[in-house]
Amino acid sequence: MLLNIDPILSPDLLHALRAMGHGDEIALVDANYPGSSAGPLCIRADGSDNSAILRAVLSVMPLDDFVPDPAICMQVVDDAGAVPDVVRDFQAIINATADAPRDIQSMERFAFYERASKAYAVVQTGERRLYGNIILKKGVIK
């Protein structure tokens, strides 16, 4: 155990977050997401939902404030303007926890998959809410 570090952050996840550099991205994905075949390192967090993981990640990782889209969610198929409850929850967490809160942007499903496949790592959780996926871009500590 470590002081002031959320215990939900596993050693593998802490290592990935620390190893990432400015501009690197990490994808927090739900239980339905093809995490193991997505391409990058897949870190499992099956006992957690993405809200808890997002809150913990943002407690130690700055969001990139040099770009307009440091947080991106997947658009609802056939309804790009819809904002699922899970995304509203993510926005509330970003607003309360992030060092530089920004509005979440959205991306078409297959574009999201492509972007996540280039992330530093994918964290696959036990999240069961549909569209409970988010990509975060790491910023700098000023």
Side-chain angles (χ1 to χ4, degrees), residues 1-77 80-142:
M1 296 295 293
L2 297 171
L3 294 172
N4 303 317
I5 301 289
D6 191 319
I8 201 170
L9 295 172
S10 69
D12 291 337
L13 181 49
L14 280 171
H15 179 267
L17 292 169
R18 179 61 182 97
M20 290 169 59
H22 176 225
D24 281 340
E25 293 181 333
I26 190 161
L28 311 180
V29 300
D30 63 27
N32 290 305
Y33 195 89
S36 294
S37 63
L41 168 69
C42 183
I43 300 166
R44 302 297 300 209
D46 298 293
S48 301
D49 64 31
N50 270 343
S51 294
I53 294 290
L54 176 62
R55 191 175 293 107
V57 166
L58 291 177
S59 75
V60 297
M61 186 190 92
L63 281 180
D64 193 337
D65 61 355
F66 295 128
V67 298
D69 59 350
I72 302 169
C73 284
M74 184 186 294
Q75 290 175 352
V76 174
V77 174
V83 181
D85 288 341
V86 66
V87 175
R88 288 190 215 308
D89 187 35
F90 292 167
Q91 187 65 64
I93 292 166
I94 288 170
N95 292 346
T97 310
D99 63 316
R102 294 285 184 85
D103 289 340
I104 296 172
Q105 303 302 308
S106 67
M107 180 177 282
E108 184 274 330
R109 176 182 169 213
F110 292 107
F112 185 96
Y113 287 159
E114 178 66 23
R115 180 115 173 219
S117 75
K118 295 180 173 97
Y120 183 89
V122 169
V123 180
Q124 183 141 36
T125 69
E127 179 63 64
R128 294 183 61 179
R129 294 174 291 179
L130 297 179
Y131 298 100
N133 308 296
I134 188 167
I135 297 172
L136 304 172
K137 185 178 288 285
K138 186 175 184 180
V140 297
I141 297 174
K142 297 177 183 170

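The structure presented is a predicted model; accordingly, all values stated were derived computationally and were not measured.
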List in chain and number order the residues that pass salt bridge (charged side-chain N to carboxylate O under 4.0 Å, His left out) with E114, two or more places apart in sequence or in another chain; answer none if no residue qualifies. K118
H22: what forms a side-chain hydrogen bond (donor to acceptor under 3.5 Å, both in side chains) with it, not counting sequence neighbours? D64
D89: partners by salt bridge (charged side-chain N to carboxylate O under 4.0 Å, His left out), with sequence neighbours left out: R129
Residues at least two apart in sequence or cross-chain that pass ring-ring contact (aromatic ring centres under 6.0 Å, His included) with F90, listed by chain then number, are none
Could you walk me through whether I26 and L13 pass the side-chain contact (heavy atoms from CB on, under 4.5 Å) check? CA-CA 10 Å; I26 190 161; L13 181 49; 3.8 Å; yes
With rounding to the nearest 0.5 Å, note down the distance linking NE2 in H15 to CG in L41. 9.5 Å
Suppose we screen for side chain to side chain contact (heavy atoms under 4.5 Å, CB included). Which residues come up paired with A111, at least two apart in sequence or across chains? M107, E108
Residues two or more places apart in sequence or in another chain: which of them pass salt bridge (charged side-chain N to carboxylate O under 4.0 Å, His left out) with D103? none
Does V67 offer a backbone N or O that forms a donor-acceptor pair with the side chain of R102 under 3.5 Å? yes
Can you name the side-chain hydrogen bond (donor to acceptor under 3.5 Å, both in side chains) partners of R128, sequence neighbours left out? none
Heavy-atom donor-acceptor pair, T125 side chain to A31 backbone, under 3.5 Å: no
Can you sort out the partners of E25 under side-chain hydrogen bond (donor to acceptor under 3.5 Å, both in side chains), two or more places apart, ordered by chain and number? R115, K137
Applying salt bridge (charged side-chain N to carboxylate O under 4.0 Å, His left out), name anything that partners R88, two or more places apart in sequence or on another chain. D85
Quick one: side-chain hydrogen bond (donor to acceptor under 3.5 Å, both in side chains) partners of N4, sequence neighbours excluded? none
With sequence neighbours excluded, tell me which residues meet ring-ring contact (aromatic ring centres under 6.0 Å, His included) with Y113. Y33, F110
By side chain to side chain contact (heavy atoms under 4.5 Å, CB included), which residues pair with A82, not counting sequence neighbours? V76, D79
